[in-house]
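In what follows, chains carry the letters A, B, and so on, assigned in the order in which the sequence lines appear, proteins first and then strands, with residues in each chain numbered from 1.
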Number of protein chains: 2
Amino acid sequence: MSETSVSCLITKLSHYLTLTDDSREKLAILEEEEISFSRGSEIYTIDDANEHLYVVKSGWLYTYLDLPDGRRQIVKIHHPGDIIGFADIAFRQATTNLAAAEDVVLCPFPKRGLRMIFGEAPQITALMFSIAVRDQVVLLDTLRALGRMSSRERLVYFLLDLVSRLRITNRSMTDTFRLPLTQTEIGDTIGLTNVYVSRAFTALEKDGLIARTAKGVRIVSEAELKAMVDFADRYEQMDTTWFPE
Amino acid sequence: MSETSVSCLITKLSHYLTLTDDSREKLAILEEEEISFSRGSEIYTIDDANEHLYVVKSGWLYTYLDLPDGRRQIVKIHHPGDIIGFADIAFRQATTNLAAAEDVVLCPFPKRGLRMIFGEAPQITALMFSIAVRDQVVLLDTLRALGRMSSRERLVYFLLDLVSRLRITNRSMTDTFRLPLTQTEIGDTIGLTNVYVSRAFTALEKDGLIARTAKGVRIVSEAELKAMVDFADRYEQMDTTWFPE
DNA sequence: CGGGTCGTTGACCGTGATCAAGTAACGTGG
DNA sequence: CCACGTTACTTGATCACGGTCAACGACCCG
């Protein structure tokens with residue numbers, strides 16, 4: 001099983017504050033069980049009874065919504081260390097669909113597991129609440145991108161947002177990262193077709209703003225890109241001064 | 001002052017559960033102070049220190065984000081009974097701007113007021129948490145609209161969302177409602193220009209799906225409109241079964 | 001070797017942006 | 001009470017961005 005490997009959930013949360021031993025033990029419980037899904041699997045779909053949340057152990061996934069005519073909107077991409085399912089906590093049935101973008105390993109735990117956290121681990125509770133709220137602010141930024149930005153700007157925003165998130169769990173990451181999503185999936189995320197994602201990519205590359213490697217992307221001129229879309233990093237810093245303990 | 005007038009905050013929350021007398025007293029404290037702003041006022045802007053939350057007493061407001069070149073995206077419209085500012089709770093400075101769409105009255109209260117609620121009123125705490133999460137799901141629906149819908153569909157989604165929300169505080173409302181927003185503001189909300197909002201309106205009216213009154217709109221064929229955008233009402237029902245007390 | 005997926009490129013088209021002119025409603029001041 | 005200026009909405013003409021359709025090449029895996 002997971003043995004002594006470092007938990008990516010703990011790594012992610014540790015970025016924001018030093019976890020007590022007690023907190024670490026509580027979190028370990030959330031990662032006891034493991035399930036694997038292969039690329040393309042639908043983990044749950046709309047209207048399923050949603051009794052579980054999931055910690056991502058490895059691999060990327062995404063949450064999406066469908067339109068009657070087959071169009072699709074990806075609303076959130078999940079990375080190792082993320083907790084999936086918070087948004088549906090107030091509803092009896094799932095309001096979104098979850099699919100695996102590549103082969104993944106998840107740790108499911110019942111909603112009741114949260115009750116234990118909420119009741120006994122105020123430090124983690126406060127942090128989870130903050131993360132939920134932070135995600136909301138990120139959604140607002142995304143809304144701005146989809147509502148008002150050109151195709152190139154949307155792609156730039158998408159890439160910068162990814163880099164900022166990935167840096168939380170991988171501090172050694174510089175400016176190159178793996179991107180295990182098809183251009184169709186990227187398009188479904190930023191409201192474009194695969195064709196225009198391709199064109200936006202080549203345009204940015206031609207301008208020397210990014211470079212593309214085998215299965216990844218390198219951010220060449222981060223400052224310039226950030227200025228293009230007035231990018232604010234919502235992940236790096238968070239106000240934890242009001243936390244208990 | 002507000003005398004014995006019914007609080008719209010209490011009205012709104014009562015829609016979901018029966019509030020205890022103790023809960024009502026706690027909520028009343030949040031509505032003690034009052035400030036008025038006239039139409040067009042900026043209540044706060046990005047990077048302001050955000051020490052207050054606001055309960056909307058009367059009038060409509062909206063939260064928005066700017067782009068460097070002057071484009072603007074409205075990300076949330078606020079009605080009487082709404083609490084404004086939850087999203088910024090995890091940040092030291094405001095991440096959004098707040099403006100009054102018409103003359104409004106707000107009840108500001110310091111963030112510390114929330115600590116009192118969190119500590120002493122578990123029923124309201126659970127409800128507020130649920131509302132915050134519910135708002136997140138609504139944002140996902142909006143993301144889908146901005147990412148994948150045509151101009152007419154966007155306007156339809158916008159109107160249906162408004163109606164659903166307004167029905168929470170005004171149960172007697174049928175299908176006609178006041179719309180105190182300019183078409184430019186509506187465009188900034190759904191990612192269109194004022195010109196195309198106008199065209200979408202006249203198109204929907206010509207098809208007999210809506211009708212326009214002096215300062216408002218009437219939903220003529222709600223079922224048809226809902227089918228157009230696969231609309232799900234996120235406001236009417238909420239899972240309160242897990243609440244304490 | 002063959003089939004499938006993914007990315008690229010070109011041609012064409014359509015939706016919505018942009019620019020501009022005109023109208024209606026309203027508030028203000030003379 | 002009217003004249004004026006402002007704001008909001010409408011409508012038309014033109015344009016451009018991104019969608020759609022199609023063909024092709026690269027790569028992967030069976």
Side-chain angles (χ1 to χ4, degrees), chain A residues 38-41 60 67 69-74 99-103 145-159 178-206 210-217 228, chain B residues 38-41 60 62 67 69-74 99-103 145-158 178-206 210-217 228:
Chain A
S38 60
R39 187 204 140 99
S41 306
W60 290 27
L67 279 91
D69 61 4
R71 286 174 290 182
R72 185 173 74 151
Q73 177 67 41
I74 293 176
E102 54 181 338
D103 292 351
L146 295 206
R148 288 300 185 205
M149 286 186 190
S150 70
S151 64
R152 288 180 51 170
E153 290 168 332
R154 289 183 200 200
L155 184 57
V156 168
Y157 171 75
F158 171 80
L159 294 174
R178 197 175 64 94
L179 183 53
L181 296 173
T182 69
Q183 292 188 351
T184 300
E185 288 164 339
I186 296 173
D188 285 342
T189 309
I190 56 181
L192 297 172
T193 58
N194 58 339
V195 176
Y196 243 75
V197 171
S198 174
R199 292 199 223 268
F201 257 124
T202 52
L204 290 178
E205 200 169 24
K206 200 166 288 171
I210 65 165
R212 280 184 287 179
T213 63
K215 287 268 168 197
V217 172
M228 259 180 79
Chain B
S38 59
R39 187 203 138 99
S41 305
W60 291 26
Y62 52 81
L67 279 92
D69 61 5
R71 285 172 292 180
R72 186 174 73 151
Q73 177 67 42
I74 293 176
E102 54 182 339
D103 292 353
L146 294 207
R148 289 298 183 206
M149 287 185 190
S150 70
S151 63
R152 288 180 51 170
E153 291 168 331
R154 289 184 200 199
L155 183 57
V156 168
Y157 171 75
F158 170 80
R178 197 175 64 93
L179 183 52
L181 296 173
T182 68
Q183 292 188 351
T184 299
E185 287 164 339
I186 295 172
D188 285 341
T189 307
I190 57 182
L192 297 172
T193 57
N194 59 336
V195 175
Y196 242 76
V197 171
S198 174
R199 293 199 223 268
F201 257 124
T202 52
L204 290 177
E205 200 169 24
K206 200 166 291 170
I210 66 164
R212 281 184 287 179
T213 63
K215 286 272 168 193
V217 172
M228 260 180 79

Expressed as a whole number of angstroms, how long is the span from [X]:[atom1] to [N]:[atom2]?
X: A/Leu67; N: D/dG19; atom1: CG; atom2: P; result: 14 Å
X: A/Arg154; N: D/dG18; atom1: CZ; atom2: P; result: 7 Å
X: A/Met149; N: D/dG18; atom1: CE; atom2: P; result: 13 Å

Stretch residues 178-191 of chain B: residues that reach within less than 4.0 Å of DNA chain D through a heavy atom: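 Per residue number, the list reads B/Thr182, B/Gln183.
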Heavy atoms under 4.0 Å, any strand shown: does [X] hit a base, just sugar-phosphate, or nothing?
X: B/Arg212; answer: sugar-phosphate
X: A/Arg39; answer: sugar-phosphate
X: B/Thr193; answer: base

Intermediate values then yes/no, side-chain contact (heavy atoms from CB on, under 4.5 Å), A/Leu181 and A/Phe158: CA-CA 12 Å; A/Leu181 296 173; A/Phe158 171 80; 4.0 Å; yes
Steps toward side-chain contact (heavy atoms from CB on, under 4.5 Å) verdict (A/Phe201, A/Ile210): CA-CA 8 Å; A/Phe201 257 124; A/Ile210 65 165; 3.6 Å; yes
By side-chain contact (heavy atoms from CB on, under 4.5 Å) - contacts of A/Thr193 (at least two apart):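 By the side-chain contact (heavy atoms from CB on, under 4.5 Å) rule, A/Thr193 matches A/Val195, A/Tyr196.
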Residues forming a side-chain contact (heavy atoms from CB on, under 4.5 Å) with B/Ala211, sequence neighbours excluded: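 Partners of B/Ala211 under the side-chain contact (heavy atoms from CB on, under 4.5 Å) test: B/Arg218, B/Val220.
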Chain B footprint on DNA chain C, 5' to 3' - any atom under 4.0 Å from a heavy atom: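 Range of nucleotides touched by chain B: C/dG16 to C/dC19.
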Verdict with supporting geometry, A/Arg178 and A/Glu102, salt bridge (charged side-chain N to carboxylate O under 4.0 Å, His left out): CA-CA 12 Å; A/Arg178 197 175 64 94; A/Glu102 54 181 338; 3.0 Å; yes
Taking every non-hydrogen atom, the tightest pair across B/Ala200 and B/Ser151: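 For B/Ala200 versus B/Ser151, the nearest heavy atoms are CB-O, 4.3 Å.
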Counterpart residues, side-chain hydrogen bond (donor to acceptor under 3.5 Å, both in side chains), relative to B/Gln183 (two or more places apart):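 Listed in chain order: nothing, the list is empty.
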With A/Thr202 via side-chain hydrogen bond (donor to acceptor under 3.5 Å, both in side chains) - residues at least two apart: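 Applying side-chain hydrogen bond (donor to acceptor under 3.5 Å, both in side chains) to A/Thr202 gives none.
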Under a 4.5 Å cut-off applied to non-hydrogen side-chain atoms, are [X] and [Y] in contact?
X: B/Met228; Y: B/Met149; result: no
X: A/Leu179; Y: A/Trp60; result: yes
X: B/Thr182; Y: B/Asn194; result: no

Distance in Å, A/Ile186 CD1 paired with A/Ser198 OG, rounded so as to fall on 0.5 Å steps: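 Separation between the atoms: 10.5 Å.
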Salt bridge (Lys or Arg N to Asp or Glu O under 4.0 Å) contacts touching residues 148-157 of chain A (sequence neighbours left out):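 Non-adjacent pairs meeting salt bridge (Lys or Arg N to Asp or Glu O under 4.0 Å): A/Arg148-B/Asp188, A/Arg152-A/Asp207, A/Glu153-B/Arg71.
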Under a 3.5 Å distance rule, please check whether [X] uses its side chain to pair with a backbone N or O of [Y] as donor and acceptor.
X: A/Asp103; Y: A/Ser38; value: no
X: B/Gln73; Y: A/Ala145; value: no
X: B/Glu185; Y: B/Ala101; value: no

Any protein N or O atoms within reach of nucleotides 28-30 of chain D? Criterion: under 3.5 Å, listing atom names and distances.
none

Can you tabulate the close N/O pairs, meaning under 3.5 Å, that link protein atoms to atoms of nucleotides 11-15 of chain D?
residue, atom, partner, partner atom, Å
D/dG12, N7, B/Arg199, NH1, 3.4
D/dG12, O6, B/Arg199, NH2, 3.4
D/dA13, N6, B/Arg199, NH2, 3.0

Terminal helix-axis angle for the helix from C/dC1-D/dG30 to C/dG30-D/dC1, with five pairs defining each axis and rounding to 10 degrees: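 The end-segment axes of the helix from C/dC1-D/dG30 to C/dG30-D/dC1 are tilted 40° relative to each other.
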